[in-house]
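Structure record follows, encoded as structure tokens.
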Amino acid sequence: MNRKWFSIAALIIAAISLLGVSSCGNKQELVSISIQPGVETFGASNIPVIDDKGLSVQLRALGTYVHPPVTKDITDQVTWVSNTTQMVMVNSTGLITVTGDTCGGTLVSATVQTNADTGGLSASGAIVTGFMTANVVCFTGTGGGGGGEPTLTISFGGAGTGVVTVEPSGFSCASTNISCVTSFPSGTSVTLTAAAVGTSVFGGWSGGGCTGTSACTIVLLSNTGVVATFN
């Protein structure tokens with residue numbers, strides 16, 4: 001009788017060992033990605049957005065795995081994407097850089113497109129993505145240093161989409177940003193040029209002395225607002 005129970009116990013132990021070997025043969029499965037820092041803010045309210053151009057920070061992507069549980073640095077294994085490239089660019093190594101064109105907030109993502117074990121079975125979620133928030137502070141002309149320069153605020157009307165470019169700085173503002181603010185030394189002559197996107201058409205200017213649909217040139221002596229309408 002004891003021999004019988006010993007044989008059954010041996011079979012159970014052997015089965016557990018086989019299961020353990022099979023499980024250990026599977027590749028670790030990625031279940032989540034976190035990005036450090038989770039939030040990064042560039043600029044200040046007293047600094048024109050164009051002056052923030054070139055500010056950057058290096059991001060890290062940390063992947064959480066199971067079988068067994070562990071956290072790894074996978075910064076060089078993810079695909080980096082910025083949701084608003086007019087505001088913040090991100091390269092393949094996770095370095096985000098301010099463009100100096102627009103202000104506000106946007107998301108930057110890190111994604112692993114494939115996530116399967118060695119047997120070809122997908123893990124829990126074949127695509128795993130993590131997010132962080134990048135903010136560029138809009139210039140308001142308050143808070144000291146730089147506040148003496150008059151501001152140019154570009155807003156948008158209509159249901160269409162387009163981009164307004166300002167010279168001599170090369171500052172550009174997309175209608176998807178709702179509005180943009182930049183500044184120039186008092187007395188600067190600035191030229192605004194509108195370009196419709198896709199099937200949209202430029203409907204014209206209003207405010208700031210700008211009218212019609214041609215490029216508008218104004219001398220910035222005080223805080224000025226201009227509306228570009230895209231239909």
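Reckoned from all heavy atoms, side chains included, excluding hydrogens, waters and symmetry mates. Numbering of residues begins at 1 and proceeds along the displayed sequence.
The shortest non-hydrogen separation linking Ser200 to Gly160 is OG-CA, 3.4 Å. The two residues Thr224 and Gly208 make their nearest non-hydrogen contact at CG2-CA, 3.7 Å. Ala61 and Ala110 get closest at one heavy-atom pair: CB-CB, 4.3 Å. When all heavy atoms of Ile96 and Ala134 are compared, the closest pair comes out as CD1-CB, 4.4 Å. Across Val90 and Trp80, no two heavy atoms sit closer than the pair CG2-CB, 3.7 Å. Looking at every heavy atom in both residues, Val128 comes nearest to Leu30 through CG2-O, 3.7 Å.
Between Val78 and Thr111 the shortest side-chain heavy-atom distance does not fall below 4.5 Å. Contact of the Val112 side chain with the Ile127 side chain is not registered, since no non-hydrogen atoms from C-beta on lie closer than 4.5 Å. A heavy-atom distance below 4.5 Å is found between the side chains of Tyr65 and Val70. Using a 4.5 Å heavy-atom cutoff, the side chains of Thr153 and Val226 are not in contact. Taking 4.5 Å as the limit, every side-chain heavy atom of Cys173 sits out of range of all side-chain heavy atoms of Val163. Side-chain contact between Asn135 and Val39 is present, with at least one heavy-atom pair separated by less than 4.5 Å. Residues Gln36 and Leu59 form no side-chain contact, since every pair of their non-hydrogen atoms from C-beta on lies 4.5 Å or further apart.
A donor-acceptor contact shorter than 3.5 Å links the side chain of Asn223 to the backbone of Thr151. The backbone N or O of Ala194 sits nowhere less than 3.5 Å from a side-chain atom of Trp205 that would complete a donor-acceptor pair. Judged purely by atom type and a 3.5 angstrom limit, Thr75 has no side-chain atom pairing as donor or acceptor with the backbone of Asp73. Distance alone, capped at 3.5 Å, places no donor-acceptor pair between the Thr71 side chain and the Thr64 backbone. Listed for the Ser82 side chain is a donor-acceptor partner under 3.5 Å among the backbone atoms of Val88. Remark: the backbone N or O of Gly94 is paired with a side-chain donor or acceptor of Asn91 at under 3.5 angstrom. In this structure, the side chain of Glu167 does not engage the main chain of Ser189 through any donor-acceptor pair within 3.5 Å.
By the rule that hydrophobic residues join a cluster once side-chain heavy atoms approach within less than 4.5 Å of another member, Ile218 and Val164 end up as members of one cluster. Hydrophobic clustering of Ile, Leu, Val, Met, Phe, Trp and Tyr side chains at less than 4.5 Å, counting indirect connections, unites Val57 with Ile33. Cluster membership for Met132 and Leu55, using ILVMFWY side-chain heavy atoms within less than 4.5 angstrom, is shared.
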* **Worked check of side chain to side chain donor-acceptor pair (under 3.5 Å) between Thr106 and Thr84** => CA-CA 6 Å; Thr106 190; Thr84 310; 2.8 Å; yes

* Go through the steps for Phe230 and Thr161 under the test side chain to side chain contact (heavy atoms under 4.5 Å, CB included), then give the verdict. => CA-CA 6 Å; Phe230 291 96; Thr161 56; 5.8 Å; no

* Asked: Passes side chain to side chain donor-acceptor pair (under 3.5 Å), Thr191 versus Thr217? Steps please.
  -> CA-CA 4 Å; Thr191 300; Thr217 299; 3.0 Å; yes

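Side chains of Thr129 and Ser109: no donor on one and acceptor on the other come within 3.5 Å.
Here the options are Leu95, Thr99, Val108, the test is side-chain contact (heavy atoms from CB on, under 4.5 Å), and the partner is Met89; only Thr99 passes. Exactly one residue among Val98, Thr97, Ile47 makes a side-chain contact (heavy atoms from CB on, under 4.5 Å) with Phe42. That residue is Val98. Of the residues listed (Val197, Thr193, Asn231, Thr213), the one engaging Phe202 in a side-chain contact (heavy atoms from CB on, under 4.5 Å) is Thr213, and it is the only one.
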